[in-house]
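Okay, structure first, notes after.
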Amino acid sequence: MNKVLFVASECYPLVKTGGLADVIGALPLALAGDGVDARVLLPAYPEVCERLTEAEALPLPGGKVLGQDGRLLAATTEEGLKVWALDVPAFFARVGNPYVGPNGHDWPDNHLRFAALSRVAADIAAQGVGRWRPQLLHIHDWQAGLVPAYLSADEIDLPTLFTIHNIAFQGVFPAAEITRLGLPGRYYHRDLTEFWGQISFLKAGIAMSSKVSTVSPTYARELESAEFGWGLDGLIRHRQADMCGILNGIDAGVWDPANDPLIAAPYSAEKPAAKARNKEALQERLGLEKDSEAPLFCVVSRLTQQKGMDLLLENLPQLLWRGGQLAVLGSGEADLEAGFREAAFNNPGRVATVIGYNEPLSHLLQAGADAIVIPSRYEPCGLTQLYGLRYGTLPLVSRTGGLADTIIDANAAAVQAGTATGFQFAPVTPERLRHTLDRAFDLWGDRKAWRAARRAAMQTDFGWSASARLYRNLYRRMLKEARQKKMGETR
Ligand SMILES: Nc1ncnc2c1ncn2[C@@H]1O[C@H](COP(=O)(O)OP(=O)(O)O[C@H]2O[C@H](CO)[C@@H](O)[C@H](O)[C@H]2O)[C@@H](O)[C@H]1O
């Protein structure tokens, strides 16, 4: 068994603010079937501690971390995932979001909090926990970006894979903080952590890891361009030979319409009839008219510019004029929240908006809606379109990143062949979205074709097994390269 330590700031079901948690909660379990013993290191926020009641407390491998006392809480979740929660009260025992305080601003010491996570990961790499020592570290997003810097500073020779889930979140902090992070000043260098006069944790991860991946092949290519690279496209191009894109999968146990305790009635590709009962239940729950003829579009998303939610608001009159309904679950930018609230207020029975984060309701939306709208300006992979496929809720998506890689557009040829699974549009403009909403209404008008697309969508396999195998192969290649490098050095 290859031993791999995952390092990340979220992990479903312990703590989740977005798609990263879903990946960290599911991929290690999928890898177990492929001969990889993957364990997860994450911060012990209060909600994590609450859920790990049976945890065993272990000393930190490095004694203290960045001068603070702490411990590791070792536990196995109900799903069988082995985790170490990093319990450093000075950094993590606070009420609020993992990244943002009650005042809506980032915690002012985020650089120290997540440097501590990376520092402890490097200590585990050096000393192990008990008899378990990783052979490779799989680190995720900027919160784990300093891991290779600590490994390098301590001359610990272990391969690292850095996965970018969203390049827009970069973890950029004042350069003067470098010594408080416990890194030698020489690491503030333009080839390592320096980014426009500041320190970027994300840049450190990309520049210093053995290999870099992202969560879809199309996003891997897009990152090489100035439009998508957020100032790091040059570095990404420089690392092209070590870069790849591997699609996310979904946890088919958690997201299964045939066996989902959070929906009104079970259904499947073979027996889809009960999807209608979920539509009714959703309409009732949200105060929408019980209109089975109206195509019900839904949104489950952060309400942000990234997700293109302004484009959807702009097209709401068209969606309503053609007889559709809209159900929105999300939270995010104040003007978008206000826009969707107002839309619900002005269109009772036709538009419903729930502002907030609600995991159970997200399942009912996927089960009850006919289509899910994801007009993202960029989308590294996207998970909600995959849940939509599984639940026969046709994704209407922009052609970018993972959305481009997972949805087959209902053009005439695909409809004819019975292979269409949703709708795609490009470029990401209000006009193209409007045109594609029209195409969706036209297909809805041909119920037989809609049902065929729904069946094709539900039969698409986006479980983790194929992608887990790609990760396993990549780990093996990295371990082999590391061995060869060592042999070369000792010769
Ligand atoms: N209000 C709400 N209530 C309940 N659940 C909600 C919710 N809002 C969102 N969710 C859930 O959060 C997850 C969001 O998944 P996305 O793929 O859209 O990821 P996100 O953009 O957060 O993360 C980034 O990382 C992931 C993982 O790699 C990439 O897929 C993605 O492209 C990238 O932007 C889904 O499970 C969704 O159901």
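Just so you know, these numbers come straight off a predicted model, no measurement behind them. Values reported hereafter were calculated over all heavy atoms of this structure, with side chains retained and with hydrogens, waters and symmetry mates removed. Counting starts at 1 for both ligands and their atoms, following the listed order.
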- Criterion ring-ring contact (aromatic ring centres under 6.0 Å, His included) on His140 and Phe6, from CA distance to verdict: CA-CA 8 Å; His140 300 264; Phe6 274 53; 5.2 Å; yes
Under 3.5 Å: N or O atoms of ligand 1 paired with protein N or O:
unit_1   : atom_1 : unit_2 : atom_2 : d
ligand 1 : 1 (N)  : Gly356 : O      : 2.8
ligand 1 : 3 (N)  : Asn358 : N      : 3.0
ligand 1 : 17 (O) : Leu383 : N      : 2.8
ligand 1 : 18 (O) : Lys307 : NZ     : 3.0
ligand 1 : 19 (O) : Gly19  : N      : 3.3
ligand 1 : 21 (O) : Arg302 : NH2    : 2.7
ligand 1 : 21 (O) : Lys307 : NZ     : 2.7
ligand 1 : 22 (O) : Gly19  : N      : 3.0
ligand 1 : 28 (O) : His165 : ND1    : 2.6
ligand 1 : 28 (O) : Asn248 : ND2    : 2.9
ligand 1 : 30 (O) : Asn248 : ND2    : 3.4
ligand 1 : 30 (O) : Gly382 : N      : 2.8
ligand 1 : 32 (O) : Glu379 : OE2    : 2.5
ligand 1 : 32 (O) : Pro380 : N      : 3.4
ligand 1 : 32 (O) : Cys381 : N      : 2.9
ligand 1 : 32 (O) : Gly382 : N      : 2.9
ligand 1 : 34 (O) : Gln306 : NE2    : 3.4
ligand 1 : 34 (O) : Glu379 : OE2    : 3.3
ligand 1 : 36 (O) : Lys16  : NZ     : 2.8
ligand 1 : 36 (O) : Asp22  : OD2    : 2.7

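Note: Phe114 and Tyr99 have tilted aromatic rings, judged against thresholds of 30 and 60 degrees for the angle between ring planes. Ring orientation note: the planes of His363 and Trp255 are close to parallel, at an angle under 30° on the 30°/60° scale.
When only modelled atom types and interatomic distance are considered, Tyr387 and Ser362 share no side-chain donor-acceptor pair under 3.5 Å.
Among residues two or more places apart in sequence or in another chain, the ring-ring contact (aromatic ring centres under 6.0 Å, His included) test is passed with Tyr267 by none.
Taking the centre of each ring, Trp142 and Phe173 come in below the 6.0 Å mark.
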